[in-house]
Amino acid sequence: MRTSNEVVPVSQGFSPIRSQYSLVDERQVQPIQQRTYQAWMTDTSQEPFISTSTIIETKSGSFKKYVTTKCIMSLLIGFIICGIPLAVMSALYAQKKTSSSSSSDSSSSSVSLPSQCTSYISNSDSTRLTTYTSCINCFSDTSGTFTAGWYRFMNTGTRLATTPPSYGSCGVSYPAWYNGTFPSTAGSSVTGTVCVQWSGNLCHSSYITTISVTNCNGYYVFYLIPMTTTGIRYCTTS
C-alpha cells in the first residue's frame, strides 16, 4: 500500500488527468494567440501588415487610370473614324464646286450668240414705260417714226410689257404688249404675239403682230415691225 507522499509513475500511453479548468483555459487562449499572430509581425515573419483599405485604394487608383486611358483612346479612334470621311467629303465637295464653276464659266464663254445680239437698235426712251401716263396720243410706232429691226430696250425698261397696259400707258391710247414666252437658253430665239389693248379689248384681233425674241445671255433683243395705225406703241417694263 502506497502512502500519499509517494509518486505514482506514469505508465506508457497514459496521460495525466487535467482539470476542467485547465482545458477551458487552453481553448480560450488559443484563438487569442492565433488572432494576435495574424494581425502583427512576428520575429519569424518580416512581412508588414497591409490593411484592406490600402489594397482597395490602390486598386481604385489603377482602375481610374485604366478608365481614363480607355476614354482618351476611344475619343481618338472616334475622331479618326469620323474625321477622315468628313475631310474626304469636304474635299470632294470643294472640288465639285470648283469644277462646276469652271464648267459654267467655260460654257458661258463658249456659247455662240447670233448676230442680232451684237447688232441691234438700242432704245432707252423712258416714255415707253407702262408707268408713263403724262401724255396721251403723243407717240406712235408707225412707219414714219419707227423702223423694222432688232431692238434692245435699256435703262428704263429691259423688255416689252407682258401684261395688258391700261389706257394712256406709255403715252398712247392703244398700248401694245407681248403675249408670249421668252427663250431660256442663251443664243436661242422664239416667236410670240404682240397684242394691242383697244377700247377694253385686251388683244384686239385686227392688230395682232408676230415678232421674234432672242436670248443674248443676259438680255433680250426683239425683232419689231412698224404699226399700221396711229396711236399704237410698244410699251416696256423692267
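Note: hydrogens, waters and symmetry copies are ignored here, and every other heavy atom, side chains too, is used.
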Please report the interatomic distance [atom1]([X]) to [atom2]([Y]), rounded to the nearest 0.5 Å.
| X | Y | atom1 | atom2 | result |
| --- | --- | --- | --- | --- |
| Asn123 | Leu224 | CG | CG | 9.5 Å |
| Leu129 | Thr236 | CG | OG1 | 4.5 Å |
| Asn217 | Leu113 | CG | CG | 6.0 Å |
| Ile232 | Thr209 | CD1 | OG1 | 8.0 Å |

Answer yes or no: is there a side-chain heavy-atom contact under 4.5 Å between [X] and [Y]?
| X | Y | answer |
| --- | --- | --- |
| Arg233 | Met227 | no |
| Tyr223 | Ile211 | no |
| Arg159 | Phe153 | no |
| Trp150 | Ser119 | no |

For [X], side chain to side chain donor-acceptor pair (under 3.5 Å) partners two or more places apart:
| X | result |
| --- | --- |
| Ser166 | Ser169 |
| Thr237 | none |
| Thr214 | Gln116, Ser189 |

Residues clustered with [X], ILVMFWY side-chain links under 4.5 angstrom:
| X | answer |
| --- | --- |
| Met154 | none |
| Phe139 | Tyr132, Val172 |
| Met89 | none |

> So, is the end of the Arg152 side chain (NZ or CZ) under 6.0 Å from the ring centre of Tyr219 and within 45° of the ring's axis?
Replying inline: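 Yes, Arg152 sits over the ring of Tyr219.
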Donor-acceptor pairs under 3.5 angstrom involving side-chain atoms of residues 175-188: please list them, not counting sequence neighbours.
unit_1, atom_1, unit_2, atom_2, d
Trp177, NE1, Leu202, O, 3.0
Tyr178, OH, Thr181, O, 2.7
Ser188, OG, Thr185, O, 2.5

> side chain to side chain contact (heavy atoms under 4.5 Å, CB included) with Thr193: which residues, sequence neighbours excluded?
Replying inline: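 For Thr193, the residues satisfying side chain to side chain contact (heavy atoms under 4.5 Å, CB included) (neighbours in sequence not counted) are Cys195, Ile208.
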>> Suppose we screen for side chain to side chain contact (heavy atoms under 4.5 Å, CB included). Which residues come up paired with Thr142, at least two apart in sequence or across chains?
In response: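 Applying side chain to side chain contact (heavy atoms under 4.5 Å, CB included) to Thr142 gives Ser140, Thr145, Thr230.
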> So if you build clusters from Ile, Leu, Val, Met, Phe, Trp, Tyr with side-chain heavy-atom gaps below 4.5 Å, do Ile121 and Leu160 land together?
Replying inline: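 As far as the 4.5 Å side-chain criterion goes, Leu160 and Ile121 are connected within one cluster.
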> In terms of hydrophobic clustering (I, L, V, M, F, W, Y; side-chain heavy atoms under 4.5 Å; direct or indirect links), are Val190 and Ile225 co-clustered?
Replying inline: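 As far as the 4.5 Å side-chain criterion goes, Ile225 and Val190 are connected within one cluster.
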>> Tyr207: which residues meet the ring-ring contact (aromatic ring centres under 6.0 Å, His included) condition with it, sequence neighbours left out?
In response: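 ring-ring contact (aromatic ring centres under 6.0 Å, His included) list for Tyr207, sorted by chain: Trp198, His204.
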>> According to ring-ring contact (aromatic ring centres under 6.0 Å, His included), who are the partners of Phe146, at least two apart in sequence or on a separate chain?
In response: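 Result, ring-ring contact (aromatic ring centres under 6.0 Å, His included) vs Phe146: Tyr151, Tyr234.
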>> For residues 209-238, which residue pairs pass the disulfide (SG to SG under 2.5 Å) check, not counting sequence neighbours?
In response: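 Checked against disulfide (SG to SG under 2.5 Å) - neighbours excluded - the pairs reaching residues 209-238 are Cys117-Cys216, Cys170-Cys235.
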